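Below is one structure, written out as C-alpha cells; the observations come after it.
Computed from a predicted model, the values in this text were never measured in an experiment. For this chain, numbers begin at 1 and follow the sequence in order.
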Amino acid sequence: MAEYIELDEIGHDYDWDPWEGDEYDDINFGDDLRETTLDDLDRRNNEVWLSDFKRQNENEKNTKRKKETNSLHTTGSSVGLKSEYMKKLFGNDYKLNPNDGPNSKDLFSRLNTHGYWLTFDNIDVAFIEKNGEYKLSTNKNVTVAESQKNFRTAFEKATEEHKTKLVSIMEEEIPEGNPSIHSDISNDVRDEIHRENIDDNLEFHERVSQFHRDGKFTEQEVRELVGITVPKGEPNERIKYLKVERQKLKTDFETESDPERRDIFREALEIIDQNIDDARLEMRKRPESEEGVHRVREKVREDVRTRFEKFKTWARENLGVLSAIAISIAGIITTVVVAGKKTLVGAAKGVGEVGKALGKIAKAALPVIVPILNMLATVLKWGAKGIEFLAKNLWILAILIAGYLYNYFTKKK
C-alpha cells in the first residue's frame with residue numbers, strides 16, 4: 001500500500017492549481033528570462049516564416065487561390081497556418097491539435113509550405129487548385145507517392161492520439177462548435193465532475209468510518225480504503241497507485257463472504273474508477289471507463305453552452321427573421337447562467353459575476369429589454385434552481401422573448 005492516510009485528510013480538496021502557495025517561493029528568474037528569450041525567438045521565427053509565405057504567394061494571379069493564401073496568412077503563426085491548411089484539406093476528418101502529444105508534434109514538425117503547396121518532409125503532398133479547393137497531390141512519382149503514404153500514416157497516428165483527449169468528446173457532441181467553445185465546455189465538465197467526485201469520496205469515507213465503529217473493519221482496513229479517496233502525487237502517479245489498489249480490491253471482493261463488506265468493496269471499486277477518470281480529466285484526457293465517458297457525454301449535453309450552440313444552428317435554419325433576436329436573447333441567458341454557476345460554486349472570481357454580467361448587458365440594452373433583464377435577475381434569486389430553470393428552458397425562453405420583441409418593434413414601425 002502507499003503511505004498511510006490520516007482519516008481527516010478526506011475533507012481536503014484536490015490540488016488542481018499548480019500555482020498554489022507562496023507565489024514567490026519557487027520563482028527562478030534565470031528560467032523566466034530564458035523562457036522570455038525563447039518566446040521572443042519563436043515570435044521572430046513565426047514572423048519570418050509568415051513573411052516568406054506571403055512573399056511566395058504575392059504574385060499569384062488566380063483570384064480564388066489568392067483569396068485562400070491570404071486567408072491562411074491571417075492565422076498569425078506557422079502552426080496555425082499548417083493547421084488551417086490541413087483542416088481545409090481533410091474537412092470533417094481533421095480533428096487535431098498540434099499540442100496533443102508526440103505524434104501530433106511529429107506531424108506538424110514535418111509539415112511546411114512552398115507557395116500554395118503543402119509539403120511533408122520537403123516533398124509536395126497537397127496544393128490549392130485555381131478554384132480555391134484543397135487537393136492531395138496526384139503526382140505518380142515514386143518519391144512523392146512514398147511521401148504521400150508517410151504523410152497519411154503520420155496524420156492517422158495523430159488522429160488516433162487526438163481521440164484519447166477529452167476535447168474529442170466535445171467535438172463529437174458539438175460538431176458545430178469552435179475550439180474556444182470546446183475548451184470552455186471541457187472546463188465546465190471537468191470542474192463539475194470533480195466536485196461530484198469529492199462528494200462521493202466524502203460519503204464513502206463516512207460509510208467506511210461507520211463500519212469501523214461497528215467493528216466490521218480494522219483500523220488498517222479503514223486506512224487502506226480511505227487512501228483510495230485521497231491518492232497522493234501527480235495525476236499519472238495517482239492513476240498508477242489506484243490501479244494497484246483496484247487489483248487488490250477485486251481479490252478482496254471475490255473472496256469476501258460477508259454481504260455488507262462485499263458491498264463496501266464493490267463501492268470502493270467504483271470510487272477507484274471515478275478517481276482514475278478524474279485524474280485523466282485533470283490531464284484533459286478521455287476517461288478510461290465506459291461509465292466515465294458516458295458521464296462526460298451527459299454533462300456535455302446538459303451544459304448551457306452546448307444548448308446555446310445547438311440553438312444557434314437550429315434558429316438560423318428555422319426561425320427566419322426571428323433568428324438574430326432569438327440568438328441574442330439565448331446568448332444573454334447563457335452568459336447569465338455561466339456567471340451564476342461560478343457564483344454558486346464559490347469560485348474566487350465568480351462572486352458577483354451575475355451582477356457584472358447583467359450590468360454590462362443593461363448598459364447596452366434598449367429600454368424594452370430592461371424588464372427582461374429584471375426577470376432574469378428575479379429567477380436567479382432562486383439560486384441553483386433558478387440557474388437550472390434558465391439552462392433547461394433556454395430554447396423556449398429565447399423563442400418566447402424573441403417573439404415578444406419582434407412584435408414590439410413591428411408595432412413601433
Side-chain angles (χ1 to χ4, degrees), residues 1-22 25-26 164 166 189-296 298-299 345-348:
M1 299 293 293
E3 62 179 294
Y4 285 163
I5 308 297
E6 293 299 328
L7 298 187
D8 63 356
E9 287 186 6
I10 184 65
H12 294 181
D13 202 350
Y14 295 157
D15 180 13
W16 282 64
D17 183 3
W19 301 106
E20 261 188 11
D22 190 334
D25 282 350
D26 301 316
T164 68
L166 173 61
V189 170
R190 288 168 70 238
D191 292 346
E192 190 169 345
I193 289 178
H194 181 59
R195 290 193 299 272
E196 290 177 356
N197 286 347
I198 290 176
D199 291 340
D200 290 343
N201 286 330
L202 287 166
E203 289 177 12
F204 178 71
H205 171 229
E206 180 53 38
R207 284 197 65 194
V208 171
S209 297
Q210 185 60 53
F211 267 58
H212 176 52
R213 291 190 290 270
D214 294 342
K216 289 184 175 291
F217 279 126
T218 66
E219 186 170 338
Q220 175 61 23
E221 287 176 319
V222 171
R223 290 184 181 279
E224 292 176 353
L225 287 168
V226 170
I228 67 173
T229 66
V230 282
K232 303 294 185 180
E234 296 299 313
N236 276 327
E237 296 171 324
R238 302 203 301 268
I239 290 171
K240 184 177 180 180
Y241 161 71
L242 288 168
K243 286 184 175 180
V244 171
E245 294 304 298
R246 181 167 62 187
Q247 197 57 44
K248 179 183 179 299
L249 276 165
K250 282 182 179 179
T251 302
D252 292 340
F253 175 74
E254 291 167 359
T255 57
E256 181 59 57
S257 58
D258 184 285
E260 291 185 318
R261 284 171 59 93
R262 275 177 62 88
D263 188 48
I264 285 289
F265 290 143
R266 177 195 55 74
E267 188 176 347
L269 289 169
E270 293 174 358
I271 290 290
I272 283 180
D273 286 345
Q274 283 188 185
N275 287 337
I276 288 175
D277 288 341
D278 200 41
R280 289 181 63 84
L281 290 178
E282 184 176 345
M283 297 186 290
R284 297 189 179 278
K285 289 185 177 180
R286 201 179 183 102
E288 177 186 82
S289 69
E290 289 185 11
E291 175 59 31
V293 173
H294 173 73
R295 190 179 179 191
V296 167
E298 288 298 308
K299 295 293 184 189
V345 299

message = Tell me every residue that passes side-chain hydrogen bond (donor to acceptor under 3.5 Å, both in side chains) with R284, counting only those two or more places apart in sequence or in another chain.
response = N187
So which heavy atom on [X] is nearest to which on [Y], and how close?
X: P231; Y: L242; answer: CG-CD1, 4.1 Å
X: A268; Y: L249; answer: CB-CD1, 3.8 Å
X: A279; Y: P235; answer: O-CB, 3.7 Å
X: R190; Y: E282; answer: NH2-O, 3.3 Å
X: R261; Y: F211; answer: N-CE2, 4.3 Å

inquiry  = Looking only at the side chains, is there a donor atom on one of Q210 and R213 sitting less than 3.5 Å from an acceptor on the other?
reply    = yes
ask   = Do Q220 and E224 have side-chain atoms, one donor and one acceptor, less than 3.5 Å apart?
value =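 Yes, side-chain donor-acceptor contact under 3.5 Å.
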Straight-line distance of [X] [atom1] to [Y] [atom2], nearest 0.5 Å:
X: R195; Y: I198; atom1: CZ; atom2: CD1; answer: 9.0 Å
X: I276; Y: E245; atom1: CD1; atom2: CD; answer: 10.5 Å
X: I228; Y: Q274; atom1: CD1; atom2: CD; answer: 10.0 Å
X: K216; Y: E221; atom1: NZ; atom2: CD; answer: 12.0 Å
X: K248; Y: I272; atom1: NZ; atom2: CD1; answer: 10.0 Å
X: E267; Y: D200; atom1: CD; atom2: CG; answer: 8.5 Å

message = Go through it in stages, so that I can follow the logic: the residues are E237 and K232, the test is side-chain contact (heavy atoms from CB on, under 4.5 Å), and I'd like the CA-CA distance, side-chain angles, deciding distance and then a yes or no.
response = CA-CA 7 Å; E237 296 171 324; K232 303 294 185 180; over 6 Å; no
Side-chain ion pair, [X] and [Y], N-O less than 4.0 Å:
X: D277; Y: R280; answer: no
X: R295; Y: E291; answer: no
X: K250; Y: E254; answer: no

key: R266/E270 under side-chain contact (heavy atoms from CB on, under 4.5 Å): CA gap, chis, key distance, verdict   = CA-CA 7 Å; R266 177 195 55 74; E270 293 174 358; 2.8 Å; yes
ask   = Do R207 and E203 pass the salt bridge (Lys or Arg N to Asp or Glu O under 4.0 Å) test, and can you show the C-alpha distance, the side-chain angles, and the key distance before you say yes or no?
value = CA-CA 6 Å; R207 284 197 65 194; E203 289 177 12; over 6 Å; no
task = Taking R246 for its side chain and L269 for its backbone only, find out whether a donor-acceptor pair lies under 3.5 Å.
result =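 Between the backbone of L269 and the side chain of R246 there is no qualifying donor-acceptor contact (under 3.5 Å).
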Heavy-atom donor-acceptor pair, R286 side chain to L166 backbone, under 3.5 Å = no
key: side-chain contact (heavy atoms from CB on, under 4.5 Å) evaluation trace for N275 with N201   = CA-CA 9 Å; N275 287 337; N201 286 330; 3.3 Å; yes
side-chain contact (heavy atoms from CB on, under 4.5 Å) between I239 and K243, intermediate numbers included = CA-CA 6 Å; I239 290 171; K243 286 184 175 180; 3.7 Å; yes
request  = Output all residues satisfying ring pair (Phe, Tyr, Trp, His ring centres under 6.0 Å) with F204, sequence neighbours left out; order by chain, then residue number.
outcome  =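 Not a single residue meets the ring pair (Phe, Tyr, Trp, His ring centres under 6.0 Å) criterion with F204.
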